[in-house]
Amino acid sequence: MLYSTVPAAEKRRLFRERLASGELLRFPGAFNPLSARLIERKGFEGVYISGAVLSADLGLPDIGLTTLTEVAARGQQIARMTDLPAIIDADTGFGEPMNVARTIQTLEDAGLAGTHIEDQINPKRCGHLDGKSVVDEGTALKRIRAAVDARRDPNFLIMARTDIAAVEGVGAAIDRAKALVDAGADAIFPEAMRSLAEFDAVRAAVDVPILANMTEFGKSELFSVDQLRDVGVNIVIWPVSLLRIAMGAADRALDTLIDEGHLTSKLGEMQHRADLYDLIDYEQYNHFDTSVFNFQIAR
Ligand SMILES: C[C@](O)(C(=O)O)[C@H](CC(=O)O)C(=O)O
Ligand SMILES: [Mg+2]
């Protein structure tokens, strides 16, 4: 109740331990703090906090308009709701390498378990869109070195994301991934891989964990957990999926409301009040005041 009782340093330590085991860890994207609770309840291994979701939530395109303050605050709200490790998207790090350093310390303070910093130029765009540009290798490495030097908890995971595959091909992504690992990256996020063979090639090239981004309507086919495990992927994210599903359902429900004048036909699709209260541990709040949860909800 109220929040996770596991301190951030402990979440990070446990996360590092699981990552080292080589198993594939599943990180659905939480589009709000409540959905992080659902992800934990269902038994997933972690929670992803997407920049695309954060900006879409504010009605903005994912082009680096959100600020570190906004991102860290939302990350903190989500991370504190779950015992699971939460990885947050830090885009290009919010500025120059010195800003990247501040980003890392701020995200550590916010209780996140790790983050990824990408090598796109500013303004950045979704990794699955055409027309991306990346910074030169020197700049990309500086961002990662700054991140690694700035962290105070060695278990805070610093992942380097490279978007170069879409611009120069998977060969360039492999070269860059190796250089990023040499610069201190704990893990690699090869963005917009088009096939399992491409994941396989990156996997073979580096011996740190790699992440697969299973975002919909993008460049990657939607591979299954088993397929990704077979090629040695260590973390898989579905960054925007729950937001897409929730917004799709909301869109259809509003149409139903217009057509039918009520939402009775939608009750089966809704999270029941009883399930919501269960998810937020409403009953536990009786601990403070026994009159808080003294009602029945009919199913
Ligand atoms: C992973 C990602 O960086 C995100 O912000 O969630 C996006 C997802 C998306 O826009 O579909 C990405 O650039 O892939
Ligand atoms: Mg992003």
Side-chain angles (χ1 to χ4, degrees), residues 25-32 35-36 39 44 46-68 70-72 74-75 78-79 86-95 100 103 107 112-135 140 143 147 157-167 170 173 185 187-195 198-199 202 209-223 228 233-248:
L25 307 179
R26 301 162 304 162
F27 279 58
F31 62 93
N32 63 10
S35 61
I39 291 166
F44 287 90
V47 164
Y48 180 72
I49 303 168
S50 149
V53 166
L54 250 139
S55 43
D57 194 49
L58 296 168
L60 298 171
D62 184 18
I63 51 175
L65 291 170
T66 50
T67 65
L68 171 59
E70 287 173 330
V71 170
R74 192 61 166 164
I78 295 174
I87 297 180
I88 197 162
D89 179 357
D91 292 344
T92 56
F94 302 99
V100 174
T103 295
L107 297 178
L112 281 313
T115 190
H116 57 79
I117 308 276
E118 69 202 35
D119 59 1
Q120 285 199 57
I121 59 151
N122 274 312
K124 54 134 310 149
R125 59 177 64 182
C126 163
H128 289 252
L129 294 179
D130 294 326
K132 285 188 298 182
S133 303
V134 292
V135 295
R143 288 181 186 168
L157 189 88
I158 292 170
M159 185 170 354
R161 161 171 154 176
T162 179
D163 284 66
I164 203 169
V167 188
V170 72
I188 293 291
F189 174 168
E191 177 62 312
M193 296 286 98
R194 282 160 314 183
S195 63
E198 290 192 346
F199 280 115
V202 175
I210 64 167
L211 176 147
N213 177 9
M214 290 294 104
T215 196
E216 300 82 9
F217 318 116
K219 303 273 182 212
S220 297
E221 213 183 295
L222 300 179
F223 301 115
L228 294 168
V233 168
N234 308 88
I235 301 173
V236 51
I237 59 170
W238 296 270
V240 194
S241 315
L242 296 188
L243 178 73
R244 295 194 217 284
I245 285 170
M247 287 302 289

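Counting starts at 1 for both ligands and their atoms, in listed order. In what follows, residues are counted from 1 in the order of the sequence shown. Every heavy atom of this structure was used, including side-chain atoms; hydrogens, water molecules and symmetry mates were not.
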What protein heavy atom is closest to [atom], reported as residue, atom name and distance in Å?
{"atom": "atom 11 (O) of ligand 1", "result": "Thr215 OG1, 2.6 Å"}
{"atom": "atom 13 (O) of ligand 1", "result": "Gly127 N, 2.7 Å"}
{"atom": "atom 6 (O) of ligand 1", "result": "Ser50 OG, 2.6 Å"}
{"atom": "atom 10 (O) of ligand 1", "result": "Cys126 SG, 3.0 Å"}
{"atom": "atom 3 (O) of ligand 1", "result": "Arg161 NH1, 2.8 Å"}

Quick one: does [X]'s side chain get under 4.5 Å of [Y]'s, heavy atoms only?
{"X": "Gln120", "Y": "Val167", "answer": "no"}
{"X": "Leu157", "Y": "His116", "answer": "no"}
{"X": "Lys124", "Y": "Asp163", "answer": "no"}
{"X": "Phe217", "Y": "His128", "answer": "no"}
{"X": "Phe223", "Y": "Val233", "answer": "no"}
{"X": "Tyr48", "Y": "Asp89", "answer": "yes"}

- Message: Show the nearest heavy-atom pair for residues Pro190 and Leu211, with the distance to one decimal.
- Response: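 In terms of heavy atoms, the two residues are closest at CD-O, 3.2 Å.
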If I apply the N/O under 3.5 Å rule, does [X] come out as touching ligand 1?
{"X": "Glu216", "result": "no"}
{"X": "Gly51", "result": "yes"}
{"X": "Ala52", "result": "yes"}

Mark the output for [X] as yes if a heavy-atom distance to ligand 1 is under 4.0 Å, and as no if none is.
{"X": "Phe217", "answer": "no"}
{"X": "His116", "answer": "no"}
{"X": "Glu191", "answer": "yes"}

- Task: Verify the distance criterion only: is there a donor paired with an acceptor across the side chains of Arg143 and Thr103 at less than 3.5 Å?
- Result: no
- Considering the heavy atoms of His128, write down every atom of ligand 1 situated less than 4.0 Å from one of them. 14 (O)
- State the atom name: nearest N, O or S atom of Asp89 to the Mg ion (ligand 2).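 Restricting Asp89 to its N, O and S atoms, the minimum distance to the Mg ion (ligand 2) goes to OD2.
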- Select one of side chain, backbone, both or neither to describe which atoms of Arg244 lie under 4.0 Å from any atom of ligand 1, heavy atoms only. side chain
- May I ask you to identify, for Asn213, whether its side chain, its backbone, both or neither come under 4.0 Å of ligand 1 on a heavy-atom basis? side chain
- Sort out for me which residue in Leu54, Ile49, Leu243 forms a side chain to side chain contact (heavy atoms under 4.5 Å, CB included) with Phe31.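 With Phe31 as partner, Leu54, Ile49, Leu243 yield a single side chain to side chain contact (heavy atoms under 4.5 Å, CB included), made by Leu243.
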- Ile117 CD1 to Met159 CE distance, which is reported to the nearest 0.5 Å: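 Interatomic distance, Ile117 CD1 to Met159 CE, rounded to 0.5 Å: 10.5 Å.
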- Task: Check whether any N, O or S atom of Glu118, backbone or side chain, sits closer than 2.8 Å to the Mg ion (ligand 2).
- Result: no
